[in-house]
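Each residue takes its place number in the sequence, starting with 1. Predicted model, so just to flag it, every value in this text is computed and none were measured.
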Amino acid sequence: MRLQTVCDRVTRLPRAPDPSGTAARAAPEDESLGAGLTRKATPPLPALYCSRCLRAALYQGEERHKWEPVPLNVPVGGWAGEGFRECALCLQGGPLSLGSEALFRMDEDADSGIRFSSLCFINDHVGFQGTIKTFPSDFVVTEIDEQGQLVSKATNESVYEISKTQSEPSHLVKKPKLNIQDVPLDHEGDEEAANSTGYSDGDESHRSGSDKEDSVSGVTSKCEKENIDLLSSLLDGKTHTLLEQFACDIKGMWNSKSELIEPSLELSLGRILDKSQRAVLHSAVRQKFPFLITVGKSSEVIVKPNPEYKELCHLVSEEEALGFFKYLDAKKDNSKFTFKPDTNKDHRKAVHHFLNKKFGNLVETKSFSELSHSAGSANTAITVRFREKAHKHGKRARRECEGTKAVYTAFTLQKENLEMFEAIGVLAIKLGVIPSDFSYAGLKDKKAITYQSMVVRKVTPQRLKDIEEEIKKKRMNVFNIRSVGDSLRLGQLKGNHFEIVIRNLKNQTNDSASLSERILEAIQNVKTKGFVNYYGPQRFGKGRKIQTDQIGLALLKNEMVKAIKLFLTPEDVDDPVNKAKKYFLQTEDAKGTLSLMPEFRVRERALLESLHRFGITAEGCTQAWFSFPHSMRIFYIHAYSSKIWNEAASYRLAAYGSRVVEGDLICLDEDIDEHVSSSKVHLVTKEEESANTYAIHQVVLPVLGYNAQYPENKVGQWYHGVLSRDGLQACRFRVPALKLNVPGCYRHILKYPHNVSYQLVHPDSDDKVEGSQANDAAPSLSISFDLDASCYATVCLREMMKVDV
């Protein structure tokens, strides 16, 4: 037998419950969302409800449409006089000794139903009402670094001194380049860019034909002469001549338009015992004859025609094909190859498709629009670059890279009323890098003023300093700019400092006590007893129909097409964004949807461009997800794990309350603030439960992942039941197709705010905001506190106020 929790919209409670406790209503039908998507209907509640925890949605039985209520005991009066009873779980240990109002709050919905929140409270004070985030300045978030310092504080290092001693490497970006949108790019004085083809080192977008070292013209370059010399030194005269003749024959057959080449056509260059010499020979042959491939057979080097070269020649010129395969074989760091401008979008799409199908694990492709000064129109060219670390494997590659030191620049980003990913997109365009070149320790709110540490690769401090004034127009600022040795990782911070203003303060309904006393009581309770460490609502997005956790579940189940459709599911709002999404679900026309989607919706447009390029198939949708950086792809899976953790925390508190019981997991290290690793987790024994060895603030619950250990009690059974319910019984929490791995971790059930200070501001105070629409007659609360990493201020405020914020 397993327990299943259902916390969703239900009908209003019956006035006369069935005394037998066995009546159940028929299950409602699922709701269609269009495009083959449905939202599962929530089964109705049975007639009886627990008077202590309102656990009306606990069921037993395995059949999906068999809704038998958990046995309840004798009537005890009940909440709101409805004749509720206590459920079996409350009698077996019970939830926290609180009233039902404190554990589960019911909210009236627009359709006169009642919505049960699955989030519970740990304190039993009454709370108060108020509004947060009336203005971005009402919610100021500042990261606390690993040394315990606020990142908004200026460092003593001089940006000018750092940048003066470190010159800009030649391979770094000089000009802005495109973000993940296909929009025109301004080339500052680069008039010949549109007419050149070739590959370049660094992030310089193009070179003119006369500047290219690795020319693909008929003139033999210096590099080709070196390859000829190498071939002469590695091969005897006869073998060298045979290779030249073999290459000439292959070119002759292709130039004669012969479509069929004998599959077994090959030439052996003989056995070369020295491994390093074989590697040099492989490279020299491919650089000299890009239309050939070399394979190794024991110590023998065999040359064959390159069918992919022939296939590419059907799409682009031979000159471009030669250049591309030379670029591919050279594997130069931070290099790019650009095909000739092409005004035919369908033809560009075919080239994109071929390159991604054949070489997608090595390279990525983008279309860049350039303004042709002579024609006065925009030309679009396809640019290819190696995927990060795609061509670096093993010890040899690491040794080759030891002498090349990457450039990393750290800075503090201040932003106001701006999404973090949107801010990164703007910075990427200005600096000429891509969003995945940025790393950060944590995500930050949009409607707020936030300060956070970031590190950007391939950009020097001076380059970042140069755009400082320009980005201020986008409600951003950068400071504390300095060189560092590596990127940041998620969770690499001690916590966050919050400065919050809560406006329009008033008592809860029907509460006549002093408001100031209620506020003081609430703050003191949360300071001493803590709050349930839920993931905040911003973790799951703003959508009412579709939230990020549903997308994450689809990705975990490798349902790539469904995940795309969930991402593009519209809300019930009549605006351009949702009109475009609705059009997509109705037509699956990515190109048409792209024309409707507003320019500022960067993520949606990136996804639609990829769908237009690759198609709305399982493979095409998989490729489309790569239009997002890794941090954004894994965000959706983390959202699903976070939702399950929230539900697990509520279940754990409802099942056992504040007692630490056998089978619980506790953290042994008191100094760990962030997610806990498996090595720090201990399983509580029966003897430890009897001796009250541990306290509730030490209890942790697993965040889903392939390394997660589950509690060995009813909570562990609950986890397995949820995984079964969601079709993840065999899930290993790896999505190889998207290069996502989720090891899992552990999170404390309870957390506490630190360094709490507050001030009640009354209406007669001079502290008013100009143009405020807030109720001038109501007092405001100015409160500041610190929270550990991965804790949410909105969740802490919810515990204080006893309302959803």
Side-chain angles (χ1 to χ4, degrees), residues 5 7 50-55 79 87 89-90 93-107 116-129 495 498 508 518-537 539 642-661 664-667 670 673 676 684 692 694-701 703 711 713-715 718 746-754 756 758 783 785-788 790-805:
T5 302
C7 295
C50 176
S51 62
R52 294 185 65 193
C53 69
L54 298 188
R55 195 181 291 101
W79 185 82
C87 72
L89 282 180
C90 282
L96 305 178
S97 34
L98 309 171
S100 56
E101 300 93 333
L103 257 179
F104 288 86
R105 184 171 299 281
M106 294 185 296
D107 299 321
F116 280 82
S117 172
S118 63
L119 308 185
C120 65
F121 298 107
I122 197 74
N123 294 284
D124 57 1
H125 60 264
V126 175
F128 56 94
Q129 297 184 37
F498 297 89
Q508 300 282 20
R518 289 300 193 207
I519 292 171
L520 177 62
E521 173 192 38
I523 294 173
Q524 291 300 323
N525 266 357
V526 174
K527 278 177 62 176
T528 56
K529 299 178 183 178
F531 59 94
V532 186
N533 191 24
Y534 290 120
Y535 289 97
R539 187 82 165 187
S642 301
K643 179 201 172 196
I644 299 305
W645 191 95
N646 279 2
E647 293 177 358
S650 292
Y651 182 85
R652 165 60 182 78
L653 291 171
Y656 297 117
S658 58
R659 296 186 302 117
V660 180
V661 300
D664 272 338
L665 299 173
I666 61 104
C667 176
E670 295 287 343
D673 293 330
V676 182
V684 176
N692 293 321
Y694 303 109
I696 185 66
H697 71 272
Q698 295 174 284
V699 176
V700 295
L701 288 174
V703 180
N713 50 32
K714 285 186 290 188
V715 181
W718 181 90
Y746 303 87
R747 182 178 174 91
H748 285 93
I749 288 183
L750 297 187
K751 279 292 184 177
Y752 300 82
H754 313 291
V756 180
Y758 62 94
I783 185 169
F785 51 83
D786 299 343
L787 291 178
D788 295 335
S790 193
C791 293
Y792 289 78
T794 49
V795 174
C796 181
L797 293 176
R798 176 183 177 275
E799 183 74 41
M800 286 183 189
M801 299 169 66
K802 292 299 177 71
V803 293
D804 290 329
V805 295

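Residue Ser650 holds its OG atom at 8.5 Å from CH2 of Trp645, rounded to the nearest 0.5 Å. Put simply, CD1 on Ile644 and CD on Glu647 are 4.5 Å apart, with the number rounded to the nearest 0.5 Å. Rounded to the nearest 0.5 Å, atoms NZ (Lys527) and NE2 (His754) are 12.0 Å apart. Asn533 contributes atom CG, which lies 9.0 Å from atom CG of Asn646 (distance to the nearest 0.5 angstrom). Summarising the geometry, atom CD1 belonging to Ile122 is positioned 11.0 Å from atom CG belonging to Asn525; distances are rounded to the nearest 0.5 Å. A distance of 10.5 Å separates CD1 in Ile749 from OG in Ser658, rounded to the nearest 0.5 Å.
When every heavy atom of Val526 is checked against every heavy atom of Pro753, the shortest pair comes out as O-CD, 3.5 Å. Residues Gly536 and Thr794 share a closest heavy-atom pair of CA-OG1, 4.4 Å. The minimum heavy-atom distance between Arg539 and Ser642, with the atom names listed, is NE-OG, 2.9 Å. Here the closest non-hydrogen pair linking Tyr656 and Asn713 is OH-CB, 3.5 Å. Tyr752 and Lys529 get closest at one heavy-atom pair: CE2-C, 3.3 Å. Nearest approach of Gln129 to Met801, heavy atoms of both residues: C-CE, 4.0 Å.
Relative orientation of the Phe785 and Phe498 rings is tilted, given thresholds of 30° and 60° on the angle between their planes.
Contact check on Arg659 versus Asp664 returns no salt bridge, with no Lys/Arg side-chain nitrogen under 4.0 Å from an Asp/Glu carboxylate oxygen.
Counting only distance, with no hydrogens or angles, the side chain of Tyr534 and the backbone of Cys120 share a donor-acceptor pair below 3.5 Å. Between the side chain of Lys802 and the backbone N or O of Asn123, at least one donor-acceptor pair lies under 3.5 Å. Without hydrogens or angle criteria, His125 side chain to Glu799 main chain gives a donor-acceptor distance under 3.5 Å.
The closest side-chain heavy-atom distance from Leu520 to Tyr758 is below 4.5 Å. Inter-residue side-chain proximity for Leu701 and Arg747 is flagged as unmet; no heavy-atom pair is nearer than 4.5 Å. Residues Arg798 and Phe121 are in side-chain contact: their nearest non-hydrogen atoms beyond the backbone lie under 4.5 Å apart. In this structure, Lys714 and Tyr651 have side chains that are in contact, with non-hydrogen atoms separated by less than 4.5 Å.
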message: Before you tell me yes or no, could you show the steps for Val532 and Leu119 under side chain to side chain contact (heavy atoms under 4.5 Å, CB included), namely the whole-Å CA-CA distance, both residues' side-chain angles and the distance that decides it to 0.1 Å?
response: CA-CA 9 Å; Val532 186; Leu119 308 185; over 6 Å; no
